[in-house]
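Step one of this worksheet: look at the structure below.
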Amino acid sequence: MIGIDIEEVSRFKKLIKDKKFVERIFSEDEIKYCSSRKNSVQHFAVRFAGKEAVWKAVNNKIKNIVITDISFKNSLSGKPEVYIKNKKIKNIEVSFSHTKAIVTAIALLKS
């Protein structure tokens with residue numbers, strides 16, 4: 001199964017100013033990572049797109065998950081790894097890409 005999502009960065013400029021939104025959607029590690037980046041808005045936006053892509057890829061395969069159950073941590077090489085309910089999921093590959101205006105993410109659930 002494949003999931004994909006695209007988001008406009010400008011939408012997140014306003015959203016990430018809302019601390020409650022950020023804390024509800026992103027894990028502590030994601031908040032630390034994104035906040036430490038030069039273009040933090042892009043990083044928050046692409047991780048949100050990643051959550052949407054993973055949710056689409058696993059929909060009907062993993063029961064009872066919501067977007068806030070999905071998070072990402074970077075491997076030593078920098079590659080994002082998928083976690084669902086704080087458990088690393090090895091059979092889902094993700095790829096993130098972004099420009100100043102647009103972010104996209106794709107997720108592949110391997111069988």
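Note that these values count all heavy atoms, side chains included, but never hydrogens, waters or copies made by symmetry.
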* **Test side-chain contact (heavy atoms from CB on, under 4.5 Å) applied to Thr68 and Ile25, step by step** => CA-CA 5 Å; Thr68 53; Ile25 300 297; 4.1 Å; yes

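Side-chain atoms of Ser36 come within 3.5 Å of backbone N or O of Tyr33 as a donor-acceptor pair. Asp18 places no side-chain N or O within 3.5 Å of a backbone atom of Leu15 that could act as its donor or acceptor partner.
Between Val46 and Ser97, the shortest heavy-atom distance links the atoms CG2-O, 3.7 Å. The nearest pair of heavy atoms linking Ala57 to Gly3 is CB-N, 3.7 Å.
Linking ILVMFWY side-chain heavy atoms closer than 4.5 Å, directly or via other members, places Ile89 and Phe48 in a single hydrophobic cluster. Val103 and Ile4 are assigned to two separate hydrophobic clusters, defined by single-linkage of ILVMFWY side chains at heavy-atom distances under 4.5 Å.
Ile106 places none of its side-chain heavy atoms less than 4.5 Å from the side chain of Val94. The shortest distance between side-chain heavy atoms of Ile65 and Lys85 falls below 4.5 Å. In this structure, Phe96 and Arg47 have side chains that are in contact, with non-hydrogen atoms separated by less than 4.5 Å. Between His98 and Glu7, the closest side-chain pair of non-hydrogen atoms is not below 4.5 Å. Taking 4.5 Å as the limit, some side-chain heavy atom of Ile67 sits within range of a side-chain heavy atom of Glu52. Contact annotation: the side chain of Ile92 approaches that of Ile84 to within less than 4.5 Å [non-hydrogen atoms, C-beta and beyond]. At least one side-chain heavy atom of Val54 sits less than 4.5 Å from a side-chain heavy atom of Phe72.
Rounded to the nearest 0.5 Å, atoms CG (Asn91) and NZ (Lys110) are 7.0 Å apart. Distance NZ/Lys13 to CD/Gln42: 9.0 Å, rounded to 0.5 Å. Ile31 contributes atom CD1, which lies 5.5 Å from atom CD of Glu23 (distance to the nearest 0.5 angstrom). Separating the CD1 atom in Ile70 from the OG atom in Ser27 is a distance of 12.0 Å, to the nearest 0.5 Å. If you take CG on Asp29 and SG on Cys34, they are separated by 10.5 Å, rounding to the nearest 0.5 Å. Distance check: Thr104 OG1 to Asp5 CG gives 7.0 Å after rounding to the nearest 0.5 Å.
Ring planes of Phe21 and Phe26: perpendicular class, angle over 60° (limits at 30 and 60°).
Taking Lys88 as the reference, Glu81 meet the side chain to side chain donor-acceptor pair (under 3.5 Å) condition, with sequence neighbours excluded.
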